[in-house]
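Comments concern the structure below.
The figures that follow rest on heavy atoms only: side chains count, while hydrogens, waters and symmetry mates do not.
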Amino acid sequence: MVIVEELSKGMRMKDLFLKRIQRIPWLNVTTLPIVVFILALALITITMLLNYVDMQARMLTIIFAIVMHMAILLKQQKRRILMYIAGLLIFVFINLRFPLEVGLVEETYFFLPIMLLCLTPGKLYANFVSILLVFVYYHSSRIYSVSEVIEDSMDVILVNLLLSISLMFYIKLTEKIDKFKQDSYTDYLTGSQNRKAFNDTLDSMINHKKRNIGLMFFNLDNFKLVNDTYGHNVGNQILIQLSEKMRKLENNNISFYRVNGDEFSFIIEYKKEQELSSFIDLVLSLLNSEMMYETYTIQMAISAGISCYPKDAKTKSDLIQFCDLALSEAKSNPHVNVKHYNQSMSVEFSRLYDIELGLKDAIKHNELSVVYQPQIDLVDNKIIGAEALLRWNKGGIEFISPAEFIKIAEKGSVIVDIGKWVVEEVLSQLRTWHRLGIKKVISINVSGVQLMDGTFSTFLKKSLKAYDLQGHDIIVEITETALMKNKANIIQELNKIRDMGVSVALDDFGSEYSSFNYLSELPIDIIKIDQSFIRNCGQNKQQQMILNTIIQLGHNLKMKLIAEGVETIEQQAFLIEHKCDYMQGYLFSKPISVKDYNELIVHEE
């Protein structure tokens, strides 16, 4: 009934046939020639058996069928053709010894060259068989009408010639299509499978509901530094070497891809989690090693993220997202180079995403504010100024820690807008204080992202002029972590800032690089000693020696020193004894509002 309905809708019989054929799951480009060969052989064999009475002819027909079946079953092409020729000679002998009626000749002779086409697609061998069969046909059909013989012979030759040529062009076209497809799945640089192949493979595996799939993303740590130091050619060779090494691990259950830049992926089908763990350990051991290129020896390290289907995710998009989260977690921790996804990462990601969205509207919704932590002269215990610190009351109901939201802001351009807002807010307040006769220096924290933008110094110069302030009214603070990430560009910007008369302070000194070597090279006027050195200076002799060395070094370089996080009388006493210049911390005051800061100044005077 379905067929009748489809025909009634105007579908042609040929289209309907092709549609039905395509629905057969085992019928494809590989199996179709075999099916046609067997059907043709069956038709020839049945025709001959039904029309031969002689037992010898029947026995030879059965032998012919067996030989031809062997031809299609053999794997080597040469053996297939030899077996076909043997069957063909048996067929010729039968037809010469026991000629068929002219009406049956066309049925048998027509399909025999087609069988050879199935064995050797794209070749013209079948046409030689057609010509041979015409001679046999002519010899065995002399008692019949010559015109009929010629007509049948031409049918056999022309049809097989057209089939051969059509099939040859089809195969060449198919080969080109396959090559284009292969090229579209291949990474141009490394020869590995690319992102398109990755997506298609993962789609297929999840759609077919493979039992367990492990997804591994990894990339090279500080690969940009390799490119910048040795050049892109060396960087490319490193990627090629890495890919060649990783492709050797591929098998039926493991496939390797270059997803993007220096980011790679493995898709692993596994039965037990131990198999996945062992493979990951193998990959890490191969990658966390030296790589050689010409005279260069480069130590490489990777960060990797792992997620699993269906254990962690039920869909492709979730599997990829969770693997990305695990990779980000691994990259954020310098002591861990591989992370397996867990649900807490999604909770954290949701939190980060919520903060990122909120930051974009924080200025517009008037959620940001500035508080001030006084800085004290250790000689006379007087307030010399304050550090301006940013606060965010998200939605008016939740205070977000700067330690949390500043890092998120620095990942995007929003930190630039927030930084400009802070500068203008502080300068506006400074102008108000100046009009009230309060002239204290205010320190403003500036992100490395702002300085790398290259326009901050220009913005600061215009802002100072707009608020009728001088460069010596403020101090710009930058952390040593931010400074060392893009040293050359940031130093250039800091020099422009110092040319305005603005002092530069190096914040959190000792928290990261803890190197004295670069201090003389940097355009800084003030060292802010990280609170980790202050915390135990009252009791820890080693800490006291380090702290004293920092103070002496700073003074030798003609720099002022501010001790951060001072909380006890003992700490203050040690700093006074070793002639540290200034301090700030809860011992004197926590960060306070403008109103409270005003009261402190008034009370002091």
Side-chain angles (χ1 to χ4, degrees), residues 22 25 28 177-178 180-220 239 242-243 246-247 249-284 287 302-332 337-354 356-357 411:
Q22 290 170 355
N28 52 47
I177 291 172
D178 288 343
F180 287 142
K181 185 176 181 181
Q182 181 63 33
D183 288 345
S184 72
Y185 280 161
T186 304
D187 176 59
Y188 72 95
L189 175 66
T190 64
S192 302
Q193 297 183 84
N194 61 14
R195 178 183 285 275
K196 187 177 188 301
F198 167 81
N199 283 320
D200 288 354
T201 301
L202 203 55
D203 278 332
S204 176
M205 293 180 75
I206 291 179
N207 289 339
H208 287 86
K209 300 191 185 305
K210 295 290 186 180
R211 183 161 43 187
N212 290 309
I213 302 170
L215 182 60
M216 177 182 187
F217 282 157
F218 68 88
N219 60 13
L220 304 178
L239 296 178
L242 180 148
S243 297
M246 293 299 100
R247 284 202 300 272
L249 302 178
E250 289 185 298
N251 56 38
N252 292 336
N253 297 322
I254 297 169
S255 50
F256 172 72
Y257 308 86
R258 183 189 180 201
V259 180
N260 185 35
D262 67 326
E263 186 172 318
F264 300 87
S265 176
F266 275 106
I267 299 177
I268 310 109
E269 187 179 355
Y270 64 96
K271 292 181 180 178
K272 297 180 180 179
E273 288 194 11
Q274 182 58 42
E275 296 175 17
L276 179 63
S277 298
S278 299
F279 177 75
I280 292 167
D281 291 341
L282 174 61
V283 172
L284 294 177
L287 290 175
I302 70 159
S303 296
I306 315 292
S307 63
C308 298
Y309 168 93
K311 177 185 174 183
D312 301 321
K314 300 297 188 292
T315 65
K316 172 191 166 185
S317 58
D318 284 349
L319 186 65
I320 292 174
Q321 180 187 343
F322 295 164
C323 197
D324 267 329
L325 288 176
L327 175 60
S328 297
E329 186 78 11
K331 290 181 75 68
S332 66
N337 57 4
V338 61
K339 271 284 188 179
H340 290 257
Y341 170 79
N342 60 65
Q343 199 169 3
S344 65
M345 292 180 187
S346 289
V347 175
E348 183 179 353
F349 174 77
S350 178
R351 167 75 173 174
L352 294 178
Y353 184 69
D354 183 51
E356 187 176 359
L357 284 180
K411 291 180 180 179

Which residue is it: Ile268, Leu202, Leu276, Asn253? I am looking for the one with a side-chain contact (heavy atoms from CB on, under 4.5 Å) to Ile213.
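Exactly one option meets the side-chain contact (heavy atoms from CB on, under 4.5 Å) with Ile213, and it is Leu202.
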
Using the side chain to side chain donor-acceptor pair (under 3.5 Å) rule, take Lys331 and Asn219 through it: C-alpha gap first, then chi angles, then the decisive distance, then the call.
CA-CA 9 Å; Lys331 290 181 75 68; Asn219 60 13; 3.3 Å; yes

I would like to know whether Ser243 and Arg258 meet side chain to side chain donor-acceptor pair (under 3.5 Å); could you show each step before the answer?
CA-CA 8 Å; Ser243 297; Arg258 183 189 180 201; over 6 Å; no

If you take all heavy atoms of Asn194 and Asp187, which pair is closest and at what distance?
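Looking at all heavy atoms of both residues, the closest pair is CB-N, 3.9 Å.
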
Measure from the ring center of Phe266 to the ring center of Phe279 and say whether it is less than 6.0 Å.
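Yes - the distance between ring centres of Phe266 and Phe279 falls below the 6.0 Å cut-off.
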
Using only heavy-atom distances, determine whether the side chains of Ser278 and Asp281 contain a donor-acceptor pair under 3.5 Å.
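Judged by distance alone, the side chains do not pair up.
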
Going by atom types only, do Asn199 and Lys316 share a side-chain donor-acceptor pair under 3.5 Å?
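Result is yes, a qualifying pair exists.
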
With a 4.5 Å heavy-atom cut-off, do Tyr341 and Asp324 have their side chains touching?
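Sidechains of Asp324 and Tyr341: no contact.
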
Is a salt bridge present between Lys314 and Asp318, judged by a nitrogen-to-oxygen distance below 4.0 Å?
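Between Asp318 and Lys314 there is no salt bridge, as every charged N stays at least 4.0 Å from the carboxylate O atoms.
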
Salt bridge check, Lys311 against Glu273: does any charged N sit closer than 4.0 Å to a carboxylate O?
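A salt bridge is present here (some side-chain N lies under 4.0 Å from a carboxylate O).
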
Identify the residue among Phe256, Tyr257, Phe264 that makes a ring-ring contact (aromatic ring centres under 6.0 Å, His included) with Phe198.
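The single option meeting the ring-ring contact (aromatic ring centres under 6.0 Å, His included) with Phe198 is Tyr257.
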
Test your reading of the model: is there a side-chain donor-acceptor pair from Ser307 to the backbone of Leu319, 3.5 Å cut-off?
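Yes, Ser307 side chain to Leu319 backbone: donor-acceptor pair under 3.5 Å.
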
